[in-house]
Every structure is written in structure tokens, then in C-alpha cells.
2 protein chains.
Amino acid sequence: MAARREHLFEVFNCLIAIKKECSSQIFTECGLVDITVKQVAYLRAIDEHTDVTFSRLAEITGTSKPTVTEMINKFVRMECVYRERSSADGRIAYIRLTRKGRMIAKAEQNTLNRMIERMIQSLDDDDVDRLIEILGKVR
Amino acid sequence: MAARREHLFEVFNCLIAIKKECSSQIFTECGLVDITVKQVAYLRAIDEHTDVTFSRLAEITGTSKPTVTEMINKFVRMECVYRERSSADGRIAYIRLTRKGRMIAKAEQNTLNRMIERMIQSLDDDDVDRLIEILGKVR
DNA sequence: TTTAATTAGGTATAACAAAACTAACAATAA
DNA sequence: TTATTGTTAGTTTTGTTATACCTAATTAAA
């Protein structure tokens, strides 16, 4: 029935609005409302690998070392990353995420977690279980 | 319980993946995979007003007429809009969305509609009704 | 000498704007 | 009625600023 579609549309529209709210909360809290999609991708790349150096990040992102230096300098100014000089080899610097940088790198997961927190607060346990059961069927 | 949160996280993660799939389908079908966020915002502005002229769009977007001319020329090349000269006043041109332009302007709604179509195909009517009921409670 | 990162210097593109311009229209004086 | 003048809508030219990249040269450590 078309009314079912309509109703589903409405409830999901509302849910999407809540998600957007949670997401922009995160970026606002970090003071990074106009960070770009590419910058987030860089932070994620750093987060998803361990002990990332400048050469390694150039490799991962398919760019050059100067590009990485520039980008990282910007991120340092944005308080998203810091350099950690290797104690074993003074030439090497590891790129480390700050708390803020990690928050942005994991923004999607964090958004979803906040959204789920709100859902759990609005719903009783039975509803949550039913919701999990029903949505688990969607392919 | 933490397990509930975990389960909710999983099912919603899956749902978000489906949504992304539906969304990129739309952009791929239009051949506009790397359209920018700003460009989509312009198309939406055109869609949300009637009989938009160049001056009007400059006003709406808080930019200048040359910027609009440039942007619209690009959109014409992308086959998202076309100019329609006013028959009453030869100086005026209305900016009209093509089928493709409208698809992009309404990409969010279209994405949601496709997602809902998939949900309806995966679920029976009772599940849909329950889903609407439960999600309707979320604030 | 080789390697890791940085600096210096440069290119291409996006997204804007100011100023000058063209074409169309409106009002009016000859 | 027609020519003149001023106004408006959109375009072109030219220039600015910022992003995102590059190559080549340099510095410092190994």
C-alpha cells in the first residue's frame, strides 16, 4: 500500500534528521564545521593504519611527501594530529591522531553511537529487540 | 544492556550501507559521481524556487551574477539545467532543471525512496507496520 | 652515501568578485 | 512615430584567493 511507503518515508526522514543532528554535533564540538571530505579521508587513513610515517601516508593516499607535509602541518594547526619523532631513528616521524583527530576519523561510528543512544532512550527494551529483529531482515 | 547497543549498531550499519548504495546508484546513473556538495546545493536552490532567474539565484545563494553565469554554464555542460528565455521580456532567462538536474536536486528523497522500496521487498506488511510504530517513537 | 622529511617554487582548478559590456526594454521628448 | 536616454538582465574580461597537488633542492640523521 502507498500509505505504508509514505509512513516509512516519514519515520526514516525523521531518523535521518536525527542522524544529521548527531553528526553536526560532533563536528561542532571539535570546532571543525567546515572540514572537507578529503581531509576526513586523510584522517581516516591515518587512523586505519598503525605507526604511519610521512612516506607511508604519501604511499597510502597516492600523493607525494611534500603534499603530506603540507596536509599534516594544516592538521597540526587544526589540532587533529601531532608528530612523534621515532626514538630509534631520528629521521622518522610518526603521525599520531589527537583526541579530536580520532573523533573526526571515527565520526561516522560516533554519529551512529549517539543516534543509538537516543533510540535506546526513546524506546523500551522490547521495542529495541523487535527493531533489531525486523531491521535484521532487510537486504 | 551493551549487547543491545551492539546489535542496534550492526543493523543500522547495514542500513546505512544500503542507503549509500542507493545514493551512489543515483549519481552513477546520472554520470555525475564527482559532483560537489556545493553544486548539489545550487541545484536544490533552483529546484526549491519557481521561475529562478540569474539575478534571483545570485540573491538566493548570496553570490554575484558572474558567479551564477559561470555555475550555470557548467551545469548546462553537465546537462543538469537549461536556459529558457522569457517570451514576455527578452532580457530574462529562467533556469530550468533537466530530468537529470531534478534527480540530483532531489537525490536525498530519491535515495530514501529506493531504500524504502528495498525494505518493503524484504519485509512483510506486519513487520513494516511494527517498524513504523517503533521508529515513530524515537525523538 | 642513502633515506626521511622539509622547503622552495610552481601549476591547475574552483569559486568567487569588480568592472565593463551587450541586448532588451521603458519612458519620454522631438 | 521615432529618436534619445536611462535602466535592467545577463555576459565577458580580468583578477583574487584558496586548495590540492607537483618537482627539485635541501637538511639532518643513519
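Proteins get letters first, then strands, A, B, ... in listed order; numbering begins at 1 in each. Since the structure is predicted, the reported quantities are computational estimates derived from the model, not experimental observations.
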Which whole-number value in Å describes the distance from [X] [atom1] to [N] [atom2]?
| X | N | atom1 | atom2 | value |
| --- | --- | --- | --- | --- |
| B/E70 | D/dT11 | CD | P | 12 Å |
| A/I72 | C/dT7 | CD1 | P | 14 Å |
| B/D34 | D/dA20 | CG | P | 15 Å |
| A/Q39 | D/dT19 | CD | C1' | 9 Å |
| A/K38 | C/dA14 | NZ | P | 11 Å |
| B/M71 | D/dT11 | CE | P | 14 Å |
| A/K74 | D/dC21 | NZ | C1' | 11 Å |
| A/R85 | C/dA4 | CZ | P | 12 Å |

Between [options], which nucleotide gets closest to the side-chain atoms of [X]?
| X | options | value |
| --- | --- | --- |
| B/T69 | D/dA20, D/dG10, C/dC16 | D/dG10 |
| A/N73 | C/dA24, C/dT7, D/dC21 | C/dT7 |
| A/R91 | D/dA29, D/dT11, C/dA15 | D/dA29 |
| A/F54 | C/dT6, C/dT2, C/dA19 | C/dT6 |
| B/I92 | D/dA20, C/dT6, D/dA9 | D/dA9 |
| A/D89 | C/dA17, C/dT6, D/dA30 | D/dA30 |

Closest-nucleotide mapping onto DNA chain D: is A/T63 or A/A88 further toward the 5' terminus? I mean the 5' end. A/T63
For B/E117, is there an ion pair with B/R114 - N to carboxylate O distance below 4.0 angstrom? no
Which of A/V40, A/I72, A/I46, A/L43 passes side chain to side chain contact (heavy atoms under 4.5 Å, CB included) with A/C80? It is A/L43
Using a cut-off of less than 4.0 Å, is there contact between a side-chain N or O of [X] and OP1 or OP2 of [N]?
| X | N | answer |
| --- | --- | --- |
| A/R83 | C/dT6 | yes |
| B/K65 | C/dA18 | no |
| B/T67 | C/dA17 | yes |
| A/Y94 | C/dA5 | no |
| A/S64 | D/dC22 | yes |
| A/T36 | D/dT19 | no |

Minimum side-chain heavy-atom gap [X]-[Y] below 4.5 Å:
| X | Y | value |
| --- | --- | --- |
| A/M78 | A/I35 | yes |
| A/L32 | A/K100 | yes |
| B/M119 | B/L131 | yes |

Spacing of CD1 belonging to B/I26 relative to NZ belonging to B/K106, to within rounding of 0.5 Å: 12.5 Å
Which heavy atom of B/L15 sits nearest to which heavy atom of B/M115, and what is that distance? O-SD, 4.2 Å
How bent is the helix from C/dT1-D/dA30 to C/dA30-D/dT1, comparing axes over its five end pairs at each side, to the nearest 10°? 20°
Same apolar cluster: A/I92 and A/F75, side chain cutoff 4.5 Å: no
